[in-house]
Participant: 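Structure provided below as structure tokens; questions to follow.
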Amino acid sequence: MKNRKNVIYAMIFALVVVSGLVFANRNIKTETGRSSKPLSIANKKAALDPRKQWEGTPDGIKYKVWEASPEGKKVKVSHDKIKGYIKSFANMEAVVTSVTFHRENAKSGPKWLIVKIDGEEYMMQFTPKEFQQLTSLKVNDKISVKSRSAGNSPSHPYLIVSGDYIEQNGKVLFKRDFSKNDRC
């Protein structure tokens, strides 16, 4: 009886060892089948970062050239001036410089309000329906603006600031409704 137990234990042990070797061999084959040469750390990071992949495209290269240009640097500086206000969603005192701005070659689309904050000009984009709330504004009007974000584009001459809240003389002219899209 004792010999039979030892034989059974030996067979189970042999089965475990053999299946472990088969499983390990399968993993080694699938790993080596993926790539014949290992990726460098930089290549691994680039493969994981979609922005790095985009920067290699023609649009990405064009953007990087614009970013290094005087116009791109000017937009970067203007962003640096107001990023603290944006981060804390604080009031920025602004002066309206244009209510009729149109982008080149744009026949229809969003409406733009151009404002000057701390000596720099900024753009705010609105849908035509949203812009109706701002039709009372005129050039040189002083307003308070709050924004949650800003962005840039080589096809825009100034930093694009989201005009999430606009007030004039204590009266709210515009307040963006985030409940519709869950702040997305």
Side-chain angles (χ1 to χ4, degrees), residues 45-184:
K45 286 183 180 179
L48 295 176
D49 186 5
R51 181 173 174 99
K52 291 289 182 192
Q53 290 176 346
W54 174 79
E55 286 176 352
T57 67
D59 285 340
I61 293 167
K62 182 178 174 183
Y63 177 81
K64 294 300 277 179
V65 168
W66 171 80
E67 197 175 40
S69 73
E71 295 85 13
K73 288 178 183 177
K74 183 177 183 286
V75 169
K76 171 79 169 113
V77 167
S78 67
H79 180 263
D80 290 344
K81 281 187 173 183
I82 65 167
K83 69 181 173 186
Y85 292 105
I86 292 172
K87 187 174 184 178
S88 63
F89 195 61
N91 278 333
M92 296 180 274
E93 299 304 317
V95 176
V96 176
T97 59
S98 175
V99 293
T100 59
F101 178 83
H102 295 284
R103 284 185 42 216
E104 290 180 21
N105 303 326
K107 295 177 180 154
S108 64
K111 300 288 186 179
W112 297 93
L113 183 66
I114 309 296
V115 296
K116 190 174 270 196
I117 302 170
D118 290 335
E120 295 288 335
E121 294 206 87
Y122 299 89
M123 303 174 77
M124 289 188 282
Q125 177 181 334
F126 301 92
T127 66
K129 184 178 178 183
E130 291 171 337
F131 199 76
Q132 287 175 351
Q133 300 172 46
L134 304 171
T135 56
S136 65
L137 289 176
K138 295 176 182 28
V139 173
N140 293 325
D141 280 353
K142 294 183 182 199
I143 59 174
S144 272
V145 176
K146 287 184 181 181
S147 176
R148 296 186 197 285
S149 62
N152 59 52
S153 167
S155 60
H156 294 78
Y158 310 113
L159 184 70
I160 304 162
V161 176
S162 68
D164 298 324
Y165 179 88
I166 299 175
E167 181 181 293
Q168 183 183 30
N169 299 326
K171 180 183 172 193
V172 177
L173 299 178
F174 178 80
K175 185 176 180 182
R176 195 169 306 276
D177 183 11
F178 289 103
S179 65
K180 294 179 201 171
N181 58 6
D182 296 329
R183 293 184 181 229
C184 291

Participant: In chain order, what residues pass the side chain to side chain contact (heavy atoms under 4.5 Å, CB included) check against K76, with sequence neighbours excluded?
Facilitator: D80

Participant: Would you please name every residue forming a side chain to side chain contact (heavy atoms under 4.5 Å, CB included) with V95, sequence neighbours left out?
Facilitator: N140, K142

Participant: Go through V99 and D141 one step at a time and tell me if the side-chain contact (heavy atoms from CB on, under 4.5 Å) criterion holds.
Facilitator: CA-CA 11 Å; V99 293; D141 280 353; over 6 Å; no

Participant: Do you know the tightest heavy-atom contact between A150 and I86?
Facilitator: CB-CD1, 3.7 Å

Participant: Could you pull out all residues at least two apart from T57 that satisfy side chain to side chain donor-acceptor pair (under 3.5 Å)?
Facilitator: none

Participant: So how far is it from I143 CD1 to I166 CD1, rounded to the nearest 0.5 Å?
Facilitator: 5.0 Å

Participant: List the atom of A68, the atom of K73, and the distance in Å for their closest heavy-atom pair.
Facilitator: O-CE, 3.1 Å

Participant: Which is it for K146 and N91 under the side-chain contact (heavy atoms from CB on, under 4.5 Å) test, yes or no, and what are the steps along the way?
Facilitator: CA-CA 5 Å; K146 287 184 181 181; N91 278 333; 3.1 Å; yes

Participant: Give me the ring orientation class for W112 and F101: parallel if the planes are under 30° apart, tilted from 30 to 60°, perpendicular past 60°.
Facilitator: perpendicular

Participant: Hey, are S144 and Q168 close enough side-chain-wise for a donor-acceptor pair under 3.5 Å?
Facilitator: no

Participant: Please, which pairs that meet ring-ring contact (aromatic ring centres under 6.0 Å, His included) have at least one residue in residues 125-152, sequence neighbours excluded?
Facilitator: F126-F174

Participant: Can you give me the closest heavy-atom contact between S136 and L173, atom names plus distance?
Facilitator: OG-CD2, 4.3 Å

Participant: Any side-chain donor paired with an acceptor under 3.5 Å for Y122 and E120?
Facilitator: no

Participant: Does S147 use its side chain to pair, donor to acceptor, with the backbone of S162 at less than 3.5 Å?
Facilitator: yes

Participant: At what distance, to the nearest 0.5 angstrom, does CG of D164 lie from CZ of R148?
Facilitator: 5.5 Å

Participant: Where do S78 and L159 come nearest, in terms of heavy atoms and distance?
Facilitator: OG-CB, 3.7 Å

Participant: Mind listing the closest non-hydrogen atom pair of I117 and A94 along with its distance?
Facilitator: CG1-CB, 3.6 Å

Participant: Report the distance from atom CD of E130 to atom CG of D177, rounding to the nearest 0.5 Å.
Facilitator: 9.5 Å

Participant: First locate atom CD1 of I114, then atom CE of M124, and finally report the distance between them rounded to the nearest 0.5 Å.
Facilitator: 8.5 Å

Participant: Measuring from atom OG of S149 to atom CD1 of I160, what distance do you get when rounded to the nearest 0.5 angstrom?
Facilitator: 10.0 Å

Participant: Report, as yes or no, whether the 6.0 Å neighbourhood of atom NZ on K111 holds more than 12 heavy atoms from other residues, nucleotides or ligands.
Facilitator: no

Participant: Quick one: CG on L113 to OG1 on T97, what's the gap to the nearest 0.5 Å?
Facilitator: 7.5 Å

Participant: With ring-ring contact (aromatic ring centres under 6.0 Å, His included) as the rule and sequence neighbours excluded, what pairs involving residues 62-89 come up?
Facilitator: W54-Y63, Y63-W66

Participant: Please list, chain by chain and in numerical order, all residues satisfying side chain to side chain contact (heavy atoms under 4.5 Å, CB included) with K64, sequence neighbours excluded.
Facilitator: E55, E67

